Amino acid sequence: THTAGVRHWGDAPGFDVSEPVDLAERLALIQQAPLLTGPGIRWHYSSPGYLLAGHIVEQASGQPYAGFLTKEVLVPLGLASTSVGGVPAGAVTAHGYRDGQPVTPWQLSAMPGTGDICSTVGDLARFTAAVHSGSLIRQRSLQAMITPHIPLPDGQGTSDGWMTCDGYGYGQFIGRIAGHAAYFHPGDNPGYQSLAVWLPGQAACVVILANDEAADTEALLRQLMLVALENDEP
């Protein structure tokens with residue numbers, strides 16, 4: 001729920017993600033860094049927290065994070081265009097851009113659990129639907145994931161109220177989009193942006209992947225929401 005007090009990238013020594021650092025060393029630096037607050041006090045987004053979560057998955061499952069995710073999620077859901085731990089050899093992928101220039105990507109293989117997944121719009125849509133339909137995780141786990149555990153600081157939604165962020169669950173913003181209940185999460189790596197939205201009332205999802213940091217994902221979402229809601233009863 002991003003309430004552990006763990007800092008975000010760039011907030012402490014060893015948190016510069018552009019620097020190639022051995023995974024064990026980075027985990028040690030994260031664990032040694034002073035917390036921003038005591039656990040559970042306030043919300044502060046932390047990608048290093050996902051790195052710790054990925055490490056916990058490895059310890060609990062007794063296998064590498066990429067192997068666990070492939071076996072338990074990608075294969076059962078048939079996500080054949082998704083990979084973990086970087087770009088597969090020979091795969092054709094979209095280059096990320098900043099100000100019209102290609103961006104050097106991060107070393108994703110050393111970042112299990114945070115930003116290390118390559119996918120497509122179709123696969124991400126299938127994954128999102130599987131999570132929220134209950135076909136991937138138990139209903140009790142799903143309910144815990146979409147329950148607001150902490151209020152969010154101001155400024156997380158749009159200025160006109162079209163999108164609101166009313167709380168945060170487990171890896172999910174919980175709010176409303178165009179007046180409809182929604183669970184969603186954006187993402188970004190250098191040169192890339194992503195957004196996955198689930199609309200429970202319509203059992204519909206909207207997914208955006210962009211390989212340009214300047215892409216206006218909010219404007220794209222406003223257009224796509226019209227399509228997602230076109231068959232919605234008033």
Side-chain angles (χ1 to χ4, degrees), residues 1-4 8-9 42-47 49-50 53-54 69 73 77 79 81-82 96 113-137 139 141-189 191-232:
T1 60
H2 296 289
T3 58
H8 193 43
W9 298 130
R42 70 180 177 91
W43 187 86
H44 178 81
Y45 195 88
S46 171
S47 285
Y50 283 114
L69 210 62
V73 178
L77 295 183
L79 305 183
S81 297
T82 302
T114 175
D116 63 326
I117 293 177
C118 297
S119 191
T120 62
V121 166
D123 270 12
L124 189 52
R126 282 187 283 274
F127 169 77
T128 301
V131 168
H132 289 281
S133 68
S135 63
L136 180 64
I137 58 177
Q139 188 63 38
S141 297
L142 174 61
Q143 194 58 46
M145 189 182 80
I146 59 176
T147 295
H149 295 285
I150 190 77
L152 297 175
D154 293 336
Q156 298 297 318
T158 58
S159 58
D160 62 357
W162 183 79
M163 173 188 282
T164 66
C165 299
D166 306 321
Y168 198 87
Y170 289 124
Q172 293 282 295
F173 287 96
I174 300 165
R176 303 187 73 80
I177 300 177
H180 297 269
Y183 308 115
F184 49 94
H185 209 294
D188 63 87
N189 274 354
Y192 301 94
Q193 297 185 69
S194 65
L195 177 66
V197 176
W198 178 256
L199 304 169
Q202 292 72 30
C205 98
V206 176
V207 170
I208 297 172
L209 296 179
N211 64 323
D212 190 334
E213 291 183 0
D216 190 341
T217 55
E218 180 189 327
L220 291 169
L221 178 60
R222 288 177 184 259
Q223 295 177 48
L224 292 171
M225 281 293 293
L226 297 175
V227 178
L229 299 173
E230 65 182 1
N231 295 320
D232 191 40

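Because the structure is a prediction, the values reported are computed rather than measured. These numbers come from the heavy atoms of this one structure, side chains and all, not from hydrogens, waters or symmetry mates.
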Heavy-atom side-chain proximity of Val206 to Ile177 below 4.5 angstrom: no

Interatomic distance, OG1@Thr217 vs CD@Gln193, rounded to 0.5 Å, equals 5.0 Å

What are the two closest heavy atoms between Gly169 and Thr1, and how far apart are they? O-CG2, 3.3 Å

Would you give the length of the straight line joining atom CD of Gln172 to atom OG1 of Thr147, rounded to the nearest 0.5 angstrom? 11.5 Å

Salt bridge (Lys or Arg N to Asp or Glu O under 4.0 Å) contacts in which one or both residues fall within residues 159-179, not counting sequence neighbours: Asp160-Arg222

Among pairs that include at least one residue of residues 114-134, which meet salt bridge (Lys or Arg N to Asp or Glu O under 4.0 Å), considering only residues two or more places apart or in two chains? Asp123-Arg126

Mind jotting down which residue pairs meet the ring pair (Phe, Tyr, Trp, His ring centres under 6.0 Å) criterion with at least one end in residues 203-223? Sequence neighbours excluded, please. none

How far does SG of Cys118 sit from CG of Asn189, to the nearest 0.5 angstrom? 8.5 Å

Does anything in residues 146-157 pair up under salt bridge (Lys or Arg N to Asp or Glu O under 4.0 Å), and if so which pairs, sequence neighbours excluded? none

Can you list everything that forms a ring-ring contact (aromatic ring centres under 6.0 Å, His included) with Tyr170? Sequence neighbours excluded, please. His149

Give me each pair satisfying side-chain hydrogen bond (donor to acceptor under 3.5 Å, both in side chains) with a member in residues 207-216, each pair once, sequence neighbours excluded. Arg98-Glu213

For Gln156, which residues count as a side chain to side chain contact (heavy atoms under 4.5 Å, CB included) partner, sequence neighbours excluded? Trp43, Leu152, Pro153, Cys165, Phe173

Minimum heavy-atom distance His8-His44, with the two atoms named: N-NE2, 3.9 Å

What's the verdict on side chain to side chain contact (heavy atoms under 4.5 Å, CB included) for Tyr183 and Val131, showing C-alpha distance, side-chain angles and the deciding distance? CA-CA 11 Å; Tyr183 308 115; Val131 168; over 6 Å; no

Any residue meeting side-chain hydrogen bond (donor to acceptor under 3.5 Å, both in side chains) with His2, in chain and number order, not counting sequence neighbours: Tyr50, Tyr168

Please report the shortest heavy-atom distance between Ile208 and Leu221, naming the atom on each side. CD1-N, 3.7 Å

About how many Å separate CD of Gln223 and CD of Glu218, when rounded to the nearest 0.5 Å? 11.5 Å

Phe127: ring-ring contact (aromatic ring centres under 6.0 Å, His included) partners, not counting sequence neighbours: none

Using modelled atom types only, decide if a donor and an acceptor are shared between the side chain of Gln202 and the backbone of Ala228 within a distance under 3.5 Å. no

Contacts of type side chain to side chain contact (heavy atoms under 4.5 Å, CB included), residue Cys205, not counting sequence neighbours: Ala125, Thr128, Trp198, Val207

Among all residues two or more places apart in sequence or in another chain, which pass the side-chain hydrogen bond (donor to acceptor under 3.5 Å, both in side chains) test with Ser133? Ser135

Scanning both residues in full, the closest heavy-atom pair of Pro148 with Ile174 reads N-CD1, 3.6 Å

May I have the step-by-step check of side chain to side chain contact (heavy atoms under 4.5 Å, CB included) for Phe184 and Met163, ending in yes or no? CA-CA 10 Å; Phe184 49 94; Met163 173 188 282; 3.9 Å; yes

Locate the shortest heavy-atom distance separating His132 from Leu142; write the atom from each residue and the value. O-CD2, 3.5 Å

What are the two closest heavy atoms between Ser119 and Leu124, and how far apart are they? OG-N, 3.9 Å

So, using ring-ring contact (aromatic ring centres under 6.0 Å, His included) as the criterion, who are the partners of Tyr192 when residues are at least two apart? none

Check the pair Thr82, Val73 against side chain to side chain contact (heavy atoms under 4.5 Å, CB included), reporting the backbone distance first and the verdict last. CA-CA 10 Å; Thr82 302; Val73 178; over 6 Å; no

CG of Leu195 to CG of Leu220: how many Å apart, nearest 0.5 Å? 9.5 Å

